[in-house]
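Numbering of ligands and ligand atoms starts at 1, following listing order. One-based numbering along the sequence shown.
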Amino acid sequence: MRLLPGDLERVFFTDSGSVAVEVAMKMAIQYRLNRGEQTRTKMLAFQGGYHGDTLATMAICDPEEGMHHLYGAALAQHVIAPLPVDEASTARFYSLLEQHAHELAAIIVEPLVQGAGGMLFHPPHVLQTLRAAADRYDVLLILDEIFTGFGRTGSLFACQQAGIVPDIITLSKALTGGTMALAATIARHHVFEAFLSDNPEHALMHGPTFMANPLACACANASLDLFESEPRLEQVAGINAILTEELEACRHLPGVRDVRTLGAIGVVELERITNPDSLRQTFIAHGAWVRPFRNIVYLTPAFTISEDELRHLTRTIRTVLGD
Ligand SMILES: Cc1ncc(COP(=O)(O)O)c(C=O)c1O
């Protein structure tokens with residue numbers, strides 16, 4: 001894990017992103033328990049957030065806008081806050097922390113981009129605010145980089161753009177280049193130390209059958225080798241230049257609310273999409289697989305996409321949206 005910043009060096013493998021987040025939550029809770037603090041079992045998560053589909057992770061997704069509101073009554077209660085993006089929301093965030101710190105194990109966030117929430121971007125200073133607040137209130141900071149990790153936002157990890165190191169980070173998806181199910185929850189040394197004990201009760205009680213399964217690990221090693229031998233971040237910068245140039249033309253189209261790009265993510269946000277299925281069919285009819293959701297049409301291409309293929313996708317978006 002020499003690619004990661006700071007002393008993020010203790011790796012726990014699982015087989016899906018959701019389970020990696022569950023392990024991060026368990027780690028944060030047990031970090032407290034092992035230090036004799038029984039009451040700090042909640043997470044502070046954010047509106048617009050998405051962290052998985054299992055029962056524990058559904059409870060830290062956006063409770064209203066997320067896809068899990070049906071399960072509301074069955075989910076554990078956590079603290080869900082607006083992201084501290086400006087003075088007013090930062091004040092609100094600090095007052096929630098003041099109120100709840102005694103019961104919080106960790107703050108959890110998708111850094112820079114809330115993906116399933118609608119590709120919502122926030123600036124790096126938000127992460128610096130979270131790091132400072134976590135330190136001030138002695139709460140762990142978990143960054144869920146399952147979507148953002150391995151170059152998607154333009155740096156290898158999104159947290160590097162803010163110059164911060166989380167206490168725990170979760171990775172999956174691009175860990176194997178998207179070829180096999182593998183995820184990792186990686187903790188800093190001080191988190192690991194809270195588990196290092198002769199008391200078996202202090203061990204992290206989690207053991208998925210397929211954790212670190214050899215086939216998935218071979219895929220991860222092969223993909224990581226390619227990160228070293230091929231210019232992945234340059235590819236991302238090239239994709240960003242094309243996405244920005246091509247999608248910007250959508251800004252003036254009727255019904256378009258925003259156009260934004262970050263790394264290899266390009267988003268055209270519409271006022272509304274009334275029929276996403278039929279919009280998707282229209283893209284397919286134009287020879288492009290684009291999956292609109294919520295009120296966005298977006299692209300997150302493979303970093304190895306050719307310029308022609310990428311321009312075919314962006315031009316199809318412009319055509320379909322009425323350029
Ligand atoms: C930020 C984030 N966290 C967690 C998950 C859940 O990962 P998985 O689908 O592998 O369970 C996802 C998946 O989209 C994600 O984007």
**OP:** Distance to 0.1 Å, residue and atom name: give those for the protein heavy atom nearest to atom 11 (O) of ligand 1.
**Re:** S18 OG, 2.6 Å
Original post:
Starting from atom 1 (C) of ligand 1, which protein heavy atom do you reach first, and at what distance in Å?
Top reply: D144 OD2, 3.3 Å
Original post:
Has R92 got more than 12 heavy atoms of other residues, nucleotides or ligands less than 6.0 Å from its CZ?
Top reply: no
Verify whether one side chain among [X] and [Y] offers a donor that lies under 3.5 Å from an acceptor in the other.
{"X": "T244", "Y": "T261", "value": "yes"}
{"X": "R131", "Y": "Q128", "value": "no"}
{"X": "D144", "Y": "H51", "value": "yes"}

Subject >> Minimum side-chain heavy-atom gap H190-Y31 below 4.5 Å >> reply: yes
Original post:
Of the backbone atoms (N, CA, C, O) and the side-chain heavy atoms from C-beta on, which set of H51 has a member under 4.0 Å from an atom of ligand 1: side chain, backbone, both, or neither?
Top reply: backbone
Original post:
Between V113 and R260, is a side chain to side chain contact (heavy atoms under 4.5 Å, CB included) present by the stated rule, with each step listed?
Top reply: CA-CA 11 Å; V113 187; R260 53 184 179 270; over 6 Å; no
Compute the shortest N/O to N/O distance between [X] and ligand 1 and return yes if it is under 3.5 Å, no if not.
{"X": "E110", "value": "no"}
{"X": "S172", "value": "no"}
{"X": "G17", "value": "yes"}

**OP:** Take every heavy atom of E145, measure it against each atom of ligand 1, and state whether any distance is under 4.0 Å.
**Re:** no
